[in-house]
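Values below: all heavy atoms of this structure, side chains included; hydrogens, waters and symmetry mates excluded. Please read these numbers as outputs of a predicted model, since none were measured by experiment.
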Amino acid sequence: MSEQSIPKEAAYQIINDELMLDGNPRLNLASFVTTWMEPECDKLIQASLNKNYVDMDEYPVTTELQNRCVNMIAHLFNAPLGDSETAVGVGTVGSSEAIMLAGLAFKRRWQNKLKAAGKPCDKPNIVTGANVQVCWEKFARYFEVELKEVKLSDGYYVMDPQKAVDMVDENTICVAAILGSTLNGEFEDVKRLNDLLTKKNAETGWDTPIHVDAASGGFIAPFLYPELEWDFRLPLVKSINVSGHKYGLVYAGIGWCIWRTKEDLPEELIFHINYLGADQPTFTLNFSKGSSQVIAQYYQLIRLGFENCQENAMVLKQGLEKMGKFNIVSKDNGVPLVAFSLKDSSRHNEFEISDFLRRFGWIVPAYTMPPDAQHVTVLRVVIREDFSRTLAERLVLDIEKVLHELDALPARVPSGDLAALAAAEESERDMEKKRQVISLWKRAVLAKKKTNGVC
């Protein structure tokens with residue numbers, strides 16, 4: 001910090017100039033997070049930036065809007081609520097916090113059950129697929145829960161329900177299913193998982209529950225696939241998280257966790273405070289936060305319902321298929337995204353395509369799949385509300401340009417060939433050293449002959 005203050009205009013210009021070097025959020029196709037909202041909603045956000053969400057007694061209307069969001073989302077997920085019954089849920093900073101809260105509820109219920117039975121409760125575990133988002137690993141590490149991951153396989157990039165149930169034991173606090181894999185957008189088969197786990201619970205006497213991580217798919221499935229059973233229609237699904245800042249169409253900073261019933265959220269995890277003016281129940285990992293994202297979520301729920309992004313995903317998919325150079329890894333039924341890999345990566349790979357696309361302004365990530373499919377590399381384009389058909393067609397054209405540019409370049413040397421080349425160069429250096437030594441000895445011998453005349 002400087003000793004003296006500077007004019008506000010100068011501070012603004014310094015920061016604004018640096019921010020110009022950031023990527024364009026609208027062309028950031030790596031992110032699921034919303035990058036555009038209507039101007040009317042922007043006004044509501046601006047007007048509520050100075051409201052602290054936790055001051056419920058001071059801002060009762062904001063609290064009411066949050067409660068309405070919880071109820072609307074719970075009904076969207078088919079929670080078993082009576083006509084006048086209030087849903088159980090909470091707004092969070094994002095799905096990461098929502099998953100932490102849901103995991104804590106599962107862990108506490110499991111501990112209470114084992115303590116009542118006089119059994120040890122010091123080794124909890126949770127079963128997930130290897131395709132889970134990193135927040136599940138954070139939960140396991142931060143709250144001392146063993147993470148048991150179902151490995152993926154070539155061509156099957158989501159959790160296998162049968163393998164997951166086989167890994168369940170008495171210490172399993174829950175099985176986490178993903179509705180919309182980060183890797184390829186695919187929905188996991190929650191219905192089959194529920195059926196298999198119900199059978200195992202009946203055989204063992206356990207009551208292992210299910211949590212659905214619907215961060216990406218929670219605001220997709222109810223509208224595009226209403227007949228798909230993945231939510232509270234399945235008896236073992238006890239909690240669901242969803243990201244409002246993804247397909248809930250709100251800027252970054254809002255998520256939701258919904259519980260099936262009050263019994264699924266242990267009362268001892270809920271804190272009651274009164275130093276802000278009235279009794280306020282709270283179940284969060286943080287305290288103060290802004291109200292604007294909650295208000296924006298309510299705006300979108302009453303304003304839009306859902307804008308169908310699936311058509312633009314199909315435009316991109318069909319354009320890639322026409323090129324004949326890519327395998328489509330994503331599924332039509334799932335989160336609106338297109339994940340694809342090269343059919344032939346002997347000359348150039350997906351990481352080079354990602355790098356070259358940045359020259360056109362596009363941010364398209366390339367990454368390898370988790371174990372045991374780590375030999376597969378994919379590119380992924382997330383289709384958000386602000387990704388128009390025109391942009392989809394433009395991206396197809398730019399990918400074609402990149403492929404032509406790469407084809408004009410020398411082929412990259414495969415890692416195996418690089419090792420062989422390095423070994424050959426090392427051998428050549430050794431031979432050169434030997435030739436130099438022999439040459440030196442020859443010169444020494446000749447010099448000796450000239451001096452002594454004796455060999």
Flag if over 12 foreign heavy atoms under 6.0 Å of [atom1], [X]:
X: E268; atom1: CD; answer: yes
X: K151; atom1: NZ; answer: yes
X: K43; atom1: NZ; answer: no
X: Q46; atom1: CD; answer: no
X: E18; atom1: CD; answer: no
X: Y142; atom1: OH; answer: no
X: Y12; atom1: OH; answer: no

(message) Using the rule given for side chain to side chain donor-acceptor pair (under 3.5 Å), can you reason through D407 versus H348, listing the C-alpha separation, both sets of side-chain angles and the distance that settles it, and then say yes or no?
(response) CA-CA 8 Å; D407 287 341; H348 305 288; 4.9 Å; no

(request) Quick one: do T92 and T284 satisfy side-chain contact (heavy atoms from CB on, under 4.5 Å)? Show the steps, please. (result) CA-CA 7 Å; T92 61; T284 59; 5.8 Å; no

(message) Assess the residue pair S239 and R260 against the criterion (side chain to side chain donor-acceptor pair (under 3.5 Å)); give the C-alpha distance rounded to whole Å, side-chain angles, the decisive distance to 0.1 Å, and a yes or no.
(response) CA-CA 6 Å; S239 55; R260 184 185 190 88; over 6 Å; no

[X] vs [Y] side-chain heavy atoms within contact, under 4.5 Å:
X: V168; Y: V175; answer: yes
X: Q162; Y: R192; answer: yes
X: N194; Y: W230; answer: no
X: M314; Y: D332; answer: yes
X: R380; Y: V338; answer: no
X: V145; Y: K123; answer: no
X: L29; Y: F387; answer: yes
X: L301; Y: C69; answer: yes

(message) For F219 together with Y247, are the ring centres under 6.0 Å from each other?
(response)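 They do not qualify: ring centres at least 6.0 Å apart.
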
Side-chain ([X]) to main-chain ([Y]) donor-acceptor, under 3.5 angstrom:
X: E85; Y: G82; answer: yes
X: E229; Y: K191; answer: no
X: E385; Y: L249; answer: no
X: K148; Y: M167; answer: yes
X: S96; Y: C135; answer: no
X: E146; Y: I126; answer: no
X: E97; Y: G94; answer: no
X: S181; Y: E186; answer: no
X: T204; Y: W206; answer: yes
X: D55; Y: E58; answer: no

(request) I would like to know whether F77 and V212 meet side-chain contact (heavy atoms from CB on, under 4.5 Å); could you show each step before the answer? (result) CA-CA 11 Å; F77 296 166; V212 179; over 6 Å; no

(request) List the steps and the verdict of side chain to side chain donor-acceptor pair (under 3.5 Å) for Y53 and Q293. (result) CA-CA 10 Å; Y53 170 78; Q293 262 63 16; over 6 Å; no

Would you call [X]-[Y] a salt bridge at under 4.0 Å N-O?
X: E137; Y: R141; value: no
X: R68; Y: E64; value: yes
X: E38; Y: R303; value: yes

(message) Please evaluate residues E149 and N131 with respect to the criterion side-chain contact (heavy atoms from CB on, under 4.5 Å), reporting the C-alpha separation (whole Å), side-chain torsions for both, the decisive distance (0.1 Å), and the verdict.
(response) CA-CA 9 Å; E149 291 186 333; N131 57 316; over 6 Å; no

(request) Would you please classify the geometry between the F139 ring and the F143 ring as parallel, tilted or perpendicular, with 30° and 60° separating the classes? (result)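 Geometry flag for F139 against F143: tilted rings.
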
[atom1]-[atom2] distance between [X] and [Y], expressed to the nearest 0.5 angstrom:
X: T172; Y: N125; atom1: OG1; atom2: CG; value: 3.5 Å
X: S345; Y: K325; atom1: OG; atom2: NZ; value: 13.0 Å
X: L179; Y: S216; atom1: CG; atom2: OG; value: 9.0 Å
X: N71; Y: H75; atom1: CG; atom2: NE2; value: 5.5 Å
X: I173; Y: C121; atom1: CD1; atom2: SG; value: 12.0 Å

Return the minimal non-hydrogen interatomic distance between [X] and [Y], and the atom names on each side.
X: V237; Y: F232; value: O-CD2, 3.4 Å
X: L406; Y: R347; value: O-NH2, 4.3 Å
X: N52; Y: S288; value: ND2-OG, 3.1 Å
X: I178; Y: E188; value: N-OE1, 2.8 Å
X: K107; Y: P124; value: CE-CG, 4.1 Å
X: S341; Y: V329; value: OG-CG2, 3.9 Å

(message) Pair Y251, V33 - check side-chain contact (heavy atoms from CB on, under 4.5 Å), show working.
(response) CA-CA 7 Å; Y251 294 137; V33 176; over 6 Å; no

(message) W136 vs H211, test: ring pair (Phe, Tyr, Trp, His ring centres under 6.0 Å). Steps then yes/no.
(response) CA-CA 12 Å; W136 284 99; H211 174 85; 5.6 Å; yes

(request) Would you please test K200 and D166 for salt bridge (charged side-chain N to carboxylate O under 4.0 Å, His left out) and show each step? (result) CA-CA 9 Å; K200 183 160 188 172; D166 289 344; 5.3 Å; no

(request) Evaluate the criterion side chain to side chain donor-acceptor pair (under 3.5 Å) for residue pair T261 and D264; output intermediate values, then yes/no. (result) CA-CA 6 Å; T261 65; D264 296 308; 2.9 Å; yes

(request) Assess the side chains of D213 and N241: does a donor N or O sit below 3.5 Å from an acceptor N or O? (result)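 Per modelled atom types, D213 and N241 side chains form a pair under 3.5 Å.
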
(request) Please assess E267 against K262 for the test salt bridge (charged side-chain N to carboxylate O under 4.0 Å, His left out), listing each intermediate value before the final yes or no. (result) CA-CA 8 Å; E267 177 63 30; K262 291 181 179 179; over 6 Å; no

Side-chain donor-acceptor distances from residues 354-374 under 3.5 Å, at least two apart:
unit_1 : atom_1 : unit_2 : atom_2 : d
S354   : OG     : V364   : O      : 2.5
W362   : NE1    : D398   : OD2    : 2.7
Y367   : OH     : L183   : O      : 2.3

